[in-house]
**Student:** 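I have a structure here, written as structure tokens, and I will follow up with some questions on it.
So you know, we letter chains A, B, ... as the sequences are listed, proteins then strands, and number each from 1.
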There are 2 protein chains.
Amino acid sequence: MTDTYGNMHRRLTDYMRDHGLKLTRQREEILSRFVELGKHVTVEELLHAVRQVSPGVGHATIYRTMKLFVDSGVASERHFLNGPACYEPGEHHEDHHDHLICTACRTIVEFENDAIEQLQNEVATQHGFELKHHKMELYGLCPACRGA
Amino acid sequence: MTDTYGNMHRRLTDYMRDHGLKLTRQREEILSRFVELGKHVTVEELLHAVRQVSPGVGHATIYRTMKLFVDSGVASERHFLNGPACYEPGEHHEDHHDHLICTACRTIVEFENDAIEQLQNEVATQHGFELKHHKMELYGLCPACRGA
DNA sequence: TTGATTGCAAATAGTTTGCAAGCTC
DNA sequence: GAGCTTGCAAACTATTTGCAATCAA
């Protein structure tokens, strides 16, 4: 299941229909900007982008809408470097990628590693846990910042 | 290097001497309570414990002191479940343990896994990163909460 | 029309900071 | 005595919530 605008819009409208919620101008607008901005968007960035088109939108609306997006599986929330939350397309529990983060320039690179996932499951099982999801972030210097 | 009170106290006083800082009653007190309380202590918990002995201490002092502890390598800071920061003895970059966290009762179990560490290093190298440290949290249900 | 949604402002949680008074070296 | 520290209050950042007005179905 790819995260195209069409798929996400459908997932969102399905979710709203099933929960008696309404498709508003703001929600449509926020979804467009969210998809446009791509990965790792903060509420502030999203608000800025949305206000270029609809100046009146309040930040509470972005917060509420992003929560709705997360609940409907259209977005997932991440927290890096104890900064503000940022969002990326797709469901947290569906995708299995982690992040490499440059501590100097804050560049974020995504990666996937099945062997690590496998070991994580083993660790959880060893401790009697039923694993739901995980969070793994590797911090270091990216190639550019190592050279500098 | 074990994290006994004596070692930590020495590390802290060395750091303070080298930086022209002063050993105050509050700092001594906070270090004792910190060691006493053990792992994963929040500022609020620490403040409560310290005030049992020294009622006048303000929370700003705890925040400032914990920052000092982190800088001197006596404590390291963690962030779980986007809650408040919590602290544990020892330097972040020195130890190599990660956490299993119960999403129901917030129990925290520590573990270490060299194979995962190894793979993390490989991933970083593949992307040209120089790995400094990492953060890995596995979320799920602990044995007790699975039964419930 | 009905009830979900919005924007605003105020509230909240966690943390930091300015400043006068106090304490350590 | 010099200057680091403290406690308090105020500021700040990220986020949530109450509420009257507005809008979607």
**Student:** Can you tell me how far apart CD (A:Glu137) and CD1 (A:Ile108) are? Round to the nearest 0.5 Å.
**Tutor:**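 So the gap between those two atoms works out to 8.5 Å.
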**Student:** Considering residues at least two apart in sequence or located in another chain, which fulfil the side chain to side chain contact (heavy atoms under 4.5 Å, CB included) criterion with B:Ala60?
**Tutor:** B:Arg64
**Student:** Toward the 5' end of DNA chain C, which comes first, B:Glu44 or A:Met16, by nearest nucleotide?
**Tutor:**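 The answer here is A:Met16.
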**Student:** Return the residues of residues 19-36 of chain A meeting this criterion: a heavy atom under 4.0 Å from some atom of DNA chain D. Order them by number, or give none.
**Tutor:**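 Heavy-atom contacts with DNA chain D come from A:Lys22, A:Leu23.
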**Student:** Any heavy-atom pair between the side chains of A:Val50 and A:Phe34 that's under 4.5 Å?
**Tutor:** no
**Student:** What integer distance in Å separates A:Leu12:CG from C:dT5:C1'?
**Tutor:**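 Taking atom C1' of C:dT5 as the reference, CG of A:Leu12 is at 14 Å.
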**Student:** Check every nucleotide of DNA chain D for an atom under 4.0 Å from a heavy-atom of chain A, then give the first and the last such nucleotide from 5' to 3'.
**Tutor:** D:dA14 to D:dA25
**Student:** Kindly state each residue pair satisfying side chain to side chain donor-acceptor pair (under 3.5 Å) with at least one member in residues 14-23 of chain B, sequence neighbours excluded.
**Tutor:** B:Asp14-B:Arg17
**Student:** Go through residues 56-70 of chain B and report each residue with a non-hydrogen atom lying under 4.0 Å from DNA chain C, sorted by number.
**Tutor:** B:His59, B:Ala60, B:Tyr63, B:Arg64, B:Lys67
**Student:** Would you mind reporting whether A:Lys135 and A:Arg78 have side-chain heavy atoms less than 4.5 Å apart?
**Tutor:**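 Side-chain contact under 4.5 Å: no.
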**Student:** I'd like a table of atom pairs between the protein and nucleotides 11-13 of chain C - only N or O on both sides, under 3.5 Å - with the distance next to each one.
**Tutor:**
none

**Student:** Between A:His40 and A:Glu88, do the side chains contain an N or O donor and an N or O acceptor separated by less than 3.5 Å?
**Tutor:**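 Side chains of A:His40 and A:Glu88: pair found under 3.5 Å.
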**Student:** Do any pairs count as a ring-ring contact (aromatic ring centres under 6.0 Å, His included) and have a residue in residues 41-71 of chain A, sequence neighbours left out, and if so which ones?
**Tutor:** none
**Student:** Nearest 0.5 angstrom please: A:Tyr5 OH to A:Leu12 CG, how far?
**Tutor:**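 Rounded to the nearest 0.5 Å, the OH-CG separation comes out at 8.5 Å.
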**Student:** Which of parallel (below 30°), tilted (30 to 60°) and perpendicular (above 60°) describes B:Phe80 and B:His99?
**Tutor:** perpendicular
**Student:** Name all residues meeting the side-chain hydrogen bond (donor to acceptor under 3.5 Å, both in side chains) criterion together with B:Arg10; count only those two or more places apart in sequence or in a different chain, and write none if there are none.
**Tutor:**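 side-chain hydrogen bond (donor to acceptor under 3.5 Å, both in side chains) list for B:Arg10, sorted by chain: B:Asn7.
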**Student:** Side-chain contact, heavy-atom cut-off 4.5 Å: B:Pro143 with A:Phe129?
**Tutor:**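 Side-chain contact under 4.5 Å: yes.
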**Student:** Which pairs, with at least one residue in residues 35-45 of chain B and sequence neighbours excluded, count as a salt bridge (charged side-chain N to carboxylate O under 4.0 Å, His left out)?
**Tutor:** B:Arg33-B:Glu36, B:Lys39-B:Glu110
**Student:** Listed by chain and number, what are the ring-ring contact (aromatic ring centres under 6.0 Å, His included) partners of A:Tyr139, not counting sequence neighbours?
**Tutor:**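 In terms of ring-ring contact (aromatic ring centres under 6.0 Å, His included), with neighbours along the sequence ignored, A:Tyr139 is linked to B:His133.
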**Student:** Restricting to side-chain hydrogen bond (donor to acceptor under 3.5 Å, both in side chains), what partner residues turn up for A:His79, sequence neighbours left out?
**Tutor:**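 Checked A:His79 against side-chain hydrogen bond (donor to acceptor under 3.5 Å, both in side chains); matches are A:Glu77, B:Asn82.
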**Student:** At what angle, to 10 degrees, do the two end axes of the helix from C:dT1-D:dA25 to C:dC25-D:dG1 meet, given five pairs define each axis?
**Tutor:** 30°
**Student:** Return the CG to CD distance between B:Leu46 and B:Glu29, rounded to the nearest 0.5 Å.
**Tutor:** 10.0 Å
